[in-house]
Every structure is written in C-alpha cells, then in structure tokens.
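What follows is one structure encoded as structure tokens, with my remarks underneath.
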Amino acid sequence: MRHLISENRNNKYLKPPVPEVFLAGMVFFVTVLIFLLPVSAETFRAEISPGKISQGDPFVVKVTGLEASSPPSAVLLEKEILFSGCGDGCYIALGGVDLNTKPGIYKVTVTAGREKRDLMLSVEKTAFPEIRLTLPKEKVFLSPEDIERTEREKERLTAIFRTITGKLWDGNFITPLGNSVSTGFGVKRIMNGKNVSVHKGVDIRGREGEDIRASNAGRVVLVEELFFGGNTVILDHGQGIYTIYMHLSKARVDSEDIVSKGDVIGLVGSSGRATGPHLHFAAKLQDMTVNPLSLISLAL
Ligand SMILES: [Zn+2]
C-alpha cells in the first residue's frame, strides 16, 4: 500500500487525463474530417468498358452523376479523350489504343473540376495471324511514280485523320455490309514472299454492286480513286473518328455530303489493290488505327 502511494506521488510528470482525451478526440475528429471531405465532395462516377482490350481496340468512358456544367476531360497516352453529353449529369467518350500500342496496364485519368478518377485499362497482347498471298508483280513492287503517288496519298489521308471536328456520330456504329469477314484486323500479309503489310482494317465479303452503308452519321470528306484502296469513301463522324470504305465499284456520295447512319454510300467492287470484290472497312480514332469491328461492338 505504501509502495503504491509513493509511486503515485513520484509520478509528478504524469499529465492529467482530461487534456489527453481531448487531444485524442481532436486527432480523431480531424482524421475523420480529412477522410470525409473528399467523399462528401464526390460528384461523379467514371467507368471504362471494356476494361480489358486488344491492341487496336476502342473503348468507352462513361461519367455519371456529374453536377458541374462543363464536361469532364480525360487523357490516355497524351491523347485527349473527347466527351459528349448523354443526359442529365451523363457524359460519354470514345477512346482507343493504336494497333501498335505496347501491351500493358494504362491509366486513364478523368478530371471534372478539381476532382480526378483514375481508371485502369488493360491492353492485352494480341496474336495477329500471318497469311501469304501472291499478287501481280506491279501491285507489290511499285515503280518510282507509284511510290511517289502512294506517299502523296498517305500524307493526304494523315492530314484528314488528324483533323478533329464537332461530333456527328450518334449511338452505335453499324456494319456497312452484313456479310462475313474474309481477312481480319491486324493480319500480317506477306505478299509474294517478301513484302509485308499489316492489315489495318477488315475485309468483308461482298458481290460486285452490293450496297455499302454508312456506319454512322457523318460528313463525306473524301471520294477518290486511291492507288491501294481504289475507289474510296471516307466519312468524318466528328471528334477525330473516321470510317474508311475501299475497293468500291462506285461511290454513291460526293465530298461534303452529310450522311445518316445506314445511308448507301457506295457499291462493292474490286478497284485498287484487290484480288476480288470485297469491302475493305477501316476506322481511325485521332489518327490511331483501330479495329472497326470492335468499334461496332461498343454500346454507345
Ligand atoms: Zn483489306
């Protein structure tokens, strides 16, 4: 008993219990406040779908519950993903990765006002098949004049694909020709045993003269006979999204025409570098080569 009393007396530096409880209370309160503040200010949700894609696939970013009046912004690999409204507090955007994007996990940061959301996008390695084909020599090994022509055409197309205009697309993209695919996206074609080219679109089977339809609403930005593509139509759907239709026997639109989704824009043929009648259908998203079938499969 004496021992205990003396111990208490000796402990003169022991602080009274009240301020300690008070201090702990304050720390707890501030901690809770720090955790609560961002939660209570949370005004939107952001999701990416699909979260797992192949090289060259587009994807959708959807933001809901956004109270701010201005649209959100998002960036992936230094390219801005452009949003458009989809109802009250809702914004939707089409993003994509180029066919040559390295597989891996990428971060898509969505910003609205002072808030950010990090979304994860997994780009899976894709085993694109290889095919060998034989074409007339002059279509594989080009003359200096043809090389010059193809370079000129390539530059012209690049300038088109880098142009970003206002949104014209509306809802899902549709298939321009409802037949089966003969050569898929990303297929590596080895021509005449030497010349290698990567297939940057899909070939859809078709009979000569069959109708080809606009995959979405847009503006006709090119109607021309190209060296590789033959008679070609390009539609600008706005926000850097383009669809390309090649090897037509005939175009049914003129440059600058505005088309609706499903309008007939041309007829199947085998013009340009083609071994038979078919449609080469391709898509570009801010100058990235994307799989047009994946674009069609997105719920927009
Ligand atoms: Zn093709």
Side-chain angles (χ1 to χ4, degrees), residues 54-58 96 98-100 126-142 146-147 149-151 153-154 156-158 160-161 173-216 221-235 241-251 265-285 287-297:
S54 294
Q55 290 165 285
D57 270 354
D98 189 81
L99 175 61
N100 296 318
T126 316
F128 296 112
E130 272 184 20
I131 55 166
R132 290 171 182 274
L133 54 136
T134 307
L135 288 170
K137 261 187 195 164
E138 67 275 11
K139 289 282 182 188
V140 178
F141 304 102
L142 309 182
D146 287 343
I147 289 172
R149 182 184 164 187
T150 58
E151 293 291 321
E153 289 176 351
K154 196 178 166 191
R156 180 123 178 269
L157 295 186
T158 303
I160 290 175
F161 299 142
F173 283 73
I174 61 166
T175 183
L177 181 64
N179 303 330
S180 59
V181 167
S182 55
T183 306
F185 177 77
V187 169
K188 200 188 245 186
R189 294 182 301 184
I190 302 155
M191 281 165 284
N192 299 18
K194 273 187 184 172
N195 207 326
V196 177
S197 87
V198 173
H199 198 220
K200 293 179 173 175
V202 293
D203 289 346
I204 303 176
R205 291 188 174 92
R207 296 182 313 276
E208 183 90 22
E210 224 176 317
D211 286 345
I212 295 166
R213 294 176 185 278
S215 184
N216 210 321
V221 287
L222 182 131
V223 182
E224 219 172 282
E225 198 234 325
L226 303 177
F227 181 82
F228 289 118
N231 296 322
T232 301
V233 170
I234 299 179
L235 300 183
I241 306 162
Y242 292 85
T243 52
I244 303 122
Y245 310 80
M246 288 176 163
H247 309 305
L248 314 189
S249 59
K250 195 174 179 9
I265 53 168
L267 307 176
V268 171
S270 53
S271 56
R273 195 166 75 174
T275 48
H278 73 278
L279 169 67
H280 175 92
F281 175 49
K284 286 277 184 178
L285 181 54
D287 199 29
M288 296 181 284
T289 299
V290 294
N291 185 340
L293 298 185
S294 303
L295 179 66
I296 288 169
S297 74

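Quick note: residue numbers are just sequence positions, from 1. All ligand and atom numbering here is 1-based and tracks the order in the structure.
For N179 and E210, the side-chain atoms include at least one donor-acceptor pair closer than 3.5 Å. A donor atom on one side chain and an acceptor atom on the other are not found under 3.5 Å apart for S182 and R205.
Summary: ND1 is the N/O/S atom of H280 found nearest to the Zn ion (ligand 1). Looking only at N/O/S atoms, D203 comes nearest to the Zn ion (ligand 1) through OD1.
At a cut-off of 2.8 Å, H278 does not coordinate the Zn ion (ligand 1) through any N, O or S atom. H199 lies close to the Zn ion (ligand 1), since one of its N, O or S atoms is found at a distance under 2.8 Å.
One N or O on the side chain of N231 and one on the backbone of L248 form a donor-acceptor pair closer than 3.5 Å.
Aromatic ring pairs are classed by plane angle as parallel below 30°, tilted from 30° to 60° and perpendicular above 60°; the pair H278 and H247 is tilted.
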